[in-house]
Structure formats: C-alpha cells, structure tokens
Amino acid sequence: MTLDEARALDAADPLAPLRARFALPEGVIYLDGNSLGPLPHATRMAVAGLTERQWGERLIRGWNDGWIDAPTRIGDKIARLIGAAPGEVIACDSTSVNLYKLIVAALRARPGVLLSEAGNFPTDLHIAEGAVAAVPGATLRVVERGQLDGALDKSVSLLLLTHVHYKTAERFDLAAWTAQAHAVGARVLWDLSHSIGAVPIDLNAAGADLAVGCGYKYLNGGPGAPAWLFVAERHQAGLANPLSGWMGHAAPFDFADGYAPAPGIRRWLAGTPPILGLAALEAGVELMLAADSALLAAKSARLFDQLAATADELGLEVVSPRDPARRGSHIALRHAHAYELCQALIERGVIGDFRAPDILRLGLTPLYLSHEDVARAGMILGEVIARRAWQEPRFVTRRAVT
C-alpha cells in the first residue's frame, strides 16, 4: 500500500479522531499496544486530580468520596466491553492473582481435572500448577491445542483457555468451546488479556462462567494496571474466594475476627484497592467505551491485511491466522533472528516486541494507529530486511524485557 492510499483510508476512518486522545511520541510508530497501551491524555488529568485534590485535600475522607466503590464502579464499565451484566465484573489485583482465586474456587466447588493448553501464556500455567497443588484431589492436564478436543472429557472440572494466544494471535471460538465444556459438565475460565478492547466479546451470550483480564494492554490503564475478573451471576453464591481478605468481607469495617464473604462480586476483593492505579485504569476504560467495537474490528482487519501483504512481499512467515474471526489484533511474524530484527526496528522508531524463540510481534491497535503508520512501518521493515541491518552486533545482546 502506498502512502497516498493509506492517507485516503485515514481520511475516511471514523476512528481517526480518537488518536488525538493519546500522548504519542513524535517520530515513533507504536506497534506494542498489545503489551502496554500508550498514555491517554485523560489519564494525566485523572491521576493529577486524584493526587492533588482528592488525596491531597480530602485525605482519608476520599474513601467515602468514591474510592471504596472504585473496584465495582470500574468493573461495571469493563462489563460493558465484554458482554457482562452489572455486578459480574470487579477491578482488582493482577491477572495472576485473579487466576489463582478463580481456579482454586472452581476446583474446590467441583474437584477434578484442570485442563489447559501447552504453550499458553506462562503465568496461566504457572498459576495453574500452584492452584492445583492447593486443592486436594485436583490434577493438572496440559495438552497441545490440537489435542484439547479429545482431552475434554467428563473427568475435567475446569477448562482454562486464553481466548487470543499471546504469541500467535490465534483465537478460540468462545461460545463453541464454552458449550463443549458444558456438555461434559465442566466450567470454563477464559483469560481475555489479549481480547478485551481488541476483539468483540459477549460473555453472557456465550454462557460463559469465569474470566480474567489485565488492564494495561488494549485498555491503556498504564504499566502494572489493576486487572479484573468476571464471575457469572449464577455462580457467585456458590464460589468462595480463597484469598479471604478484609475487603472481600461482608462488613469490613465491623472488624470482626471471623470471615463472612460479601454477597455478589465484592467477595472477590482481598486487600485494599490501589486507588491511583484504578484511576488510571478507569480513564483508559472510558476511552475504550467511546469507540464502536464493530469499527475497531473492521479497522484491525484492514491493518492486519496491510502489514501481512508487506510481510508476504518480504518473504516473512505470517504465523497468525489470516481469517480475522480466528485471531486477535496483533500479527506474529517468524524470523530466525526475530530479536535482532525487533531491536533494529525499535532503533528506527518502530516499536514492537519479541517472543521466543523466533516471533516478531506487532500490535495493530485500531484505536490510535493510522493506516499511514502501518504503511510507514512496513517500509521501514522492508529497509531493515533488505539491508540486513539486524545483523549489526549491538542488536544481539538480550535485554531483561523483550
């Protein structure tokens, strides 16, 4: 695609005005929003207002001025992005902690096998190991993606799946796999970290049971932003949070010695909510709510096709599915020296990331990326490949975060 063609698409793009809501550095093409979203301008104002006026002036009175309700208030906003009802989502903790809470709770309610996919995001499998060890009689079964169908039998109590694969962007059919699990008496716990804000999701239409997700990727909540969890209303009374912290208590300020879980979604709280992080997350969620999910999906598909065509011309293998219904909103390209290639691109202002052993991962976030951005990124990628610039020795040294 030529720059003129890309600019014509941008001129007709109904999402284009949203780009101005982000602080995007000059001279940078940011293709890593699938790992850390950029800073919204509204977040600066929200955090400044919280620190200067709420914390700075109201001090501890802020808890009764709205802080204490932040996890459920923001949870209800997130619910609108994923097809959940009010009272089914709460913003809290990290994805890893929320996975642990829901896995242990589900296995204690229905002991049996926890089934997951080999090559799932590592924290999902690491947490699964620890969670299974905390439930007597529970076992963990991990199989390749192509073997999941045969492994999902009546011994399975809980199926743990990541909706959009962190590396390849391959997407599970959420409704179909939920129905298949239910048919053998299992529940499903979905990790939507690479899905929320990237692809259309309707949990209640799919009959979903449980889900988790992070707040710092497509929700643009900032580095280490609080995560969130979903528990379908029909399951809430029958599941108990294994991390029985005081904020999940029915009456935390009665200061009782014994634990009595709060009704509904609040029981999934544990410690004191991180109000600064929640303020940044809320600003990012509100920005996402301003966008039409169908328009986001359509633009994501166009950006993918645009960059995939460049990759084909350059002889790079496109690992991600070509069918937009079967993938998320990033593209995975295979190259024997993907790390060095990624570093060469970053030096030239095109920021993506590397996933071992050989994947260059480029996020195609339609909320703020333009077609011209992607066209220019493709040109720079072509120059790096043609000149073999990735072979320069300084690109070999691995940094702590890839």
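The model shown is predicted, which means the values in this text are computed figures rather than measured ones.
- Using a cutoff of 4.0 Å between basic side-chain nitrogens and carboxylate oxygens, R7 and D13 are not scored as salt-bridged.
- Closest non-hydrogen pair, T43 versus A283, comes out as OG1-CB, 3.5 Å.
- Distance alone, capped at 3.5 Å, is enough to place a donor-acceptor pair between the D10 side chain and the E372 backbone.
- D254 places no side-chain N or O within 3.5 Å of a backbone atom of A256 that could act as its donor or acceptor partner.
- Between the S329 side chain and the T365 main chain, no donor and acceptor come within less than 3.5 Å of each other.
- Defined by atom type and a distance below 3.5 Å, a donor-acceptor pair is missing between the side-chain atoms of D32 and H330.
- A side-chain donor-acceptor contact under 3.5 Å links R302 and H371.
- Between the side chains of E233 and N204, no donor-acceptor pair of N or O atoms lies under 3.5 Å.
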Please walk me through it: do H163 and D191 pass side-chain hydrogen bond (donor to acceptor under 3.5 Å, both in side chains)? CA-CA 6 Å; H163 184 221; D191 185 340; over 6 Å; no
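- Residue R399 places its CZ atom among 12 or fewer non-hydrogen atoms of other residues, nucleotides or ligands, all under 6.0 Å distant.
- Under the 4.5 Å side-chain criterion, counting only non-hydrogen atoms from C-beta, I201 is not in contact with L81.
- Aromatic rings of F253 and W246 (six-membered ring for Trp) have centroids within the 6.0 Å cut-off, being under it.
- For Q391, the side chain to side chain contact (heavy atoms under 4.5 Å, CB included) test picks out R388, with sequence neighbours left out.
- Here NE2 of H337 is found 10.5 Å from CG of L341. Values are rounded to the nearest 0.5 Å.
- Aromatic ring centroids of H41 and F22 lie 6.0 Å or more apart.
- The two residues F395 and Q343 make their nearest non-hydrogen contact at CD2-CB, 3.6 Å.
- Once rounded to the nearest 0.5 Å, the distance linking CD1 of I275 with CH2 of W55 reads 11.5 Å.
- The backbone N or O of L174 lies less than 3.5 Å from a partner atom in the side chain of T178, making a donor-acceptor pair.
- A distance of 10.0 Å separates OG1 in T123 from CG in N120, rounded to the nearest 0.5 Å.
- Between the side chain of E5 and the backbone N or O of T2, at least one donor-acceptor pair lies under 3.5 Å.
- Ion pairing between a basic and an acidic side chain is recognised when a charged N comes within 4.0 Å of a carboxylate O; R322 and D312 show such pairing.
- Neither side chain, S320 nor T168, offers a donor N or O lying under 3.5 Å from an acceptor on the other.
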Step by step, would you call E282 with R73 a salt bridge (charged side-chain N to carboxylate O under 4.0 Å, His left out)? CA-CA 9 Å; E282 187 166 19; R73 181 181 69 248; 2.9 Å; yes
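- Donor-acceptor pairing under 3.5 Å is lacking for the side chains of S195 and W190.
- L345 is not listed as a side-chain neighbour of W390, based on a closest heavy-atom distance of 4.5 Å or more.
- At most 12 heavy atoms of other shown residues, nucleotides or ligands fall within 6.0 angstrom of atom CZ in R21.
- Here the CD1 atom belonging to I351 is positioned 9.5 Å from the SG atom belonging to C342, to the nearest 0.5 angstrom.
- Without hydrogens or angle criteria, Y368 side chain to P38 main chain gives no donor-acceptor distance under 3.5 Å.
- W177 and F172 have their aromatic ring centers within a separation under 6.0 angstrom.
- Between L229 and C92, the shortest heavy-atom contact is CD2-SG, 4.2 Å.
- Between R355 and S35, the closest heavy-atom pair is NH2-OG, 3.9 Å.
- Between Y339 and R398, some side-chain heavy-atom pair lies under the 4.5 Å cut-off.
- Checking T95 against N98 by side-chain atom types alone, no donor-acceptor pair falls below 3.5 Å.
- Between S116 and L160, the closest heavy-atom pair is OG-O, 2.9 Å.
- For Q236 (side chain) and G87 (main-chain N/O), a donor-acceptor pair under 3.5 Å exists by modelled atom type.
- Salt bridge E170/R326: present, at least one basic N to carboxylate O contact under 4.0 Å.
- Looking only at side-chain heavy atoms (C-beta outward), I265 and T72 come within less than 4.5 Å of each other.
- In this structure, E117 and L148 have side chains that are in contact, with non-hydrogen atoms separated by less than 4.5 Å.
- Looking only at distances, a side-chain donor or acceptor of K101 sits under 3.5 Å from a matching main-chain atom of W268.
- For the atom pair L102 CG and R187 CZ, the distance stands at 11.0 Å (nearest 0.5 Å).
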Hey, mind stepping through R19 and D373 against salt bridge (charged side-chain N to carboxylate O under 4.0 Å, His left out) and telling me if it holds? CA-CA 12 Å; R19 180 184 177 91; D373 286 333; 2.5 Å; yes
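- Annotation: the span from L369 atom CG to Y30 atom OH amounts to 10.0 Å, rounded to 0.5 Å.
- Residues D93 and P226 have side chains not in contact (no heavy-atom distance under 4.5 Å, counting atoms from C-beta outward).
- Counted by atom type alone, N34 and H194 present zero donor-acceptor pairs between their side chains at under 3.5 Å.
- Side chains of Q54 and W67: a donor on one and an acceptor on the other come within 3.5 Å.
- Contact detail for S94 and A227: the closest heavy-atom pair is C-CB, 3.4 Å.
- Between the side chain of R110 and the backbone N or O of A106, no donor-acceptor pair lies under 3.5 Å.
- In terms of modelled atom types and a separation under 3.5 Å, the side chain of D76 and the main chain of I74 share no donor-acceptor contact.
- Contact check for H335 versus I385: side-chain heavy atoms found under the 4.5 Å cut-off.
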Walk me through whether D153 and R141 qualify under salt bridge (charged side-chain N to carboxylate O under 4.0 Å, His left out). CA-CA 12 Å; D153 56 32; R141 183 187 304 163; 3.7 Å; yes
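- Taking the side chain as every heavy atom from C-beta outward, R361 and K167 never approach each other to under 4.5 Å.
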